[in-house]
Amino acid sequence: MAISTRKIKLKTVLESNRTHPIILVGVSADQLDGAVMPASISPRDLNTGTWPDELADMVAARGNVTLVIDGIDTLSPAAQAKFLPLVKDRRSGQHKLPATVQILIPVSDLNRVADEIKRVALVYHV
């Protein structure tokens, strides 16, 4: 498949599923435009850090924003569980993501993603 065709398909998937989290297999975070959250973020910072305010500022400035959770497939399934409320309910601690924020999870190996995360997200092989 030509690169341009793959890019067009990816763009269509992203535009058609703005409010649903998407696991992108075969894509790296540096190929995506958005706010990158490292999977290594501590549970404390995930729930009480400043990132929700920074994301809200981006939404105010740009409208639609992409939140990229980078490296989730490098964590154990137990460690990935900290992202379940964010991916499933679009919540982290007391913060709810605005509807204009799209969650993307780039991975190199889908088999290393926790089943709980895969159950609540769309999976797209690029």
Side-chain angles (χ1 to χ4, degrees):
M1 181 182 313
I3 296 255
S4 61
T5 303
R6 287 177 29 194
K7 284 184 179 181
I8 291 169
K9 286 184 178 186
L10 176 59
K11 183 178 177 184
T12 302
V13 167
L14 297 180
E15 289 175 353
S16 300
N17 298 287
R18 291 244 9 117
T19 59
H20 205 84
I22 305 173
I23 298 171
L24 298 170
V25 183
V27 173
S28 63
D30 60 346
Q31 295 174 293
L32 302 169
D33 181 32
V36 177
M37 174 185 288
S40 60
I41 189 171
S42 72
R44 181 177 156 268
D45 286 342
L46 181 62
N47 291 315
T48 61
T50 60
W51 71 268
D53 296 328
E54 294 166 8
L55 198 60
D57 291 343
M58 291 176 73
V59 167
R62 295 197 284 182
N64 292 332
V65 174
T66 302
L67 175 61
V68 179
I69 302 173
D70 184 30
I72 202 166
D73 56 337
T74 64
L75 301 177
S76 70
Q80 292 177 32
K82 67 184 173 187
F83 290 104
L84 193 56
L86 183 62
V87 175
K88 181 181 177 191
D89 300 321
R90 301 178 57 81
R91 289 193 166 279
S92 181
Q94 297 297 318
H95 303 284
K96 181 160 177 57
L97 290 181
T100 57
V101 174
Q102 181 175 31
I103 301 171
L104 300 181
I105 308 168
V107 300
S108 59
D109 186 355
L110 183 61
N111 293 324
R112 294 186 49 106
V113 177
D115 290 339
E116 293 81 8
I117 300 287
K118 288 189 274 190
R119 277 194 280 270
V120 297
L122 296 174
V123 175
Y124 183 71
H125 294 266
V126 178

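Quick caveat, the model's predicted, so the values are computed rather than measured.
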query: Any sub-3.5 Å donor-acceptor pair from Arg91's side-chain atoms to Leu97's backbone N or O?
result: no
query: Measuring from His20:NE2 to Leu122:CG, what's the distance to the nearest 0.5 Å?
result: 4.0 Å
- line: Taken to the nearest 0.5 Å, the spacing of Thr48 OG1 from His95 NE2 works out to 7.5 Å
Identify all side-chain donor-acceptor contacts of residues 52-65 below 3.5 Å with residues at least two apart in sequence or on another chain.
unit_1 : atom_1 : unit_2 : atom_2 : d
Glu54  : OE2    : Thr50  : OG1    : 3.1

- prompt: Listed by chain and number, what are the salt bridge (charged side-chain N to carboxylate O under 4.0 Å, His left out) partners of Asp33, not counting sequence neighbours?
  reply: none
- request: Apply salt bridge (charged side-chain N to carboxylate O under 4.0 Å, His left out) to Glu116 and list each qualifying residue two or more places apart in sequence or on a separate chain.
  value: Arg119
task: Report yes if some heavy atom in the side chain of Trp51 is under 4.5 Å from a heavy atom in the side chain of Asp45; otherwise report no.
output: no
message: List the residues meeting side chain to side chain contact (heavy atoms under 4.5 Å, CB included) with Leu32, not counting sequence neighbours, and say none if there are none.
response: Leu24, Val27, Val68, Leu104, Pro106
Cluster link [X] to [Y], ILVMFWY, side chain under 4.5 Å:
| X | Y | result |
| --- | --- | --- |
| Leu67 | Leu14 | no |
| Ile105 | Val120 | yes |
| Val123 | Ile22 | no |
| Val36 | Ile69 | no |
| Ile103 | Leu10 | no |

- line: Residues passing the side chain to side chain donor-acceptor pair (under 3.5 Å) test with Gln31, sequence neighbours excluded, are Ser28
For residues 70-90, tabulate all N or O donor-acceptor pairs below 3.5 Å that involve a side-chain atom, not counting sequence neighbours.
unit_1 : atom_1 : unit_2 : atom_2 : d
Asp73  : OD2    : Ser108 : N      : 2.9
Asp73  : OD2    : Ser108 : OG     : 3.2
Asp73  : OD2    : Asp109 : N      : 3.3
Thr74  : OG1    : Gly71  : O      : 2.5
Ser76  : OG     : Ala79  : N      : 3.1
Gln80  : OE1    : Ala114 : N      : 2.7
Gln80  : NE2    : Ile72  : O      : 3.1
Gln80  : NE2    : Leu75  : O      : 2.9
Gln80  : NE2    : Arg112 : O      : 2.8
Lys82  : NZ     : Ala39  : O      : 2.9
Lys82  : NZ     : Ile41  : O      : 2.4
Arg90  : NH1    : Val101 : O      : 3.1
Arg90  : NH2    : Pro98  : O      : 2.6
Arg90  : NH2    : Val101 : O      : 2.6

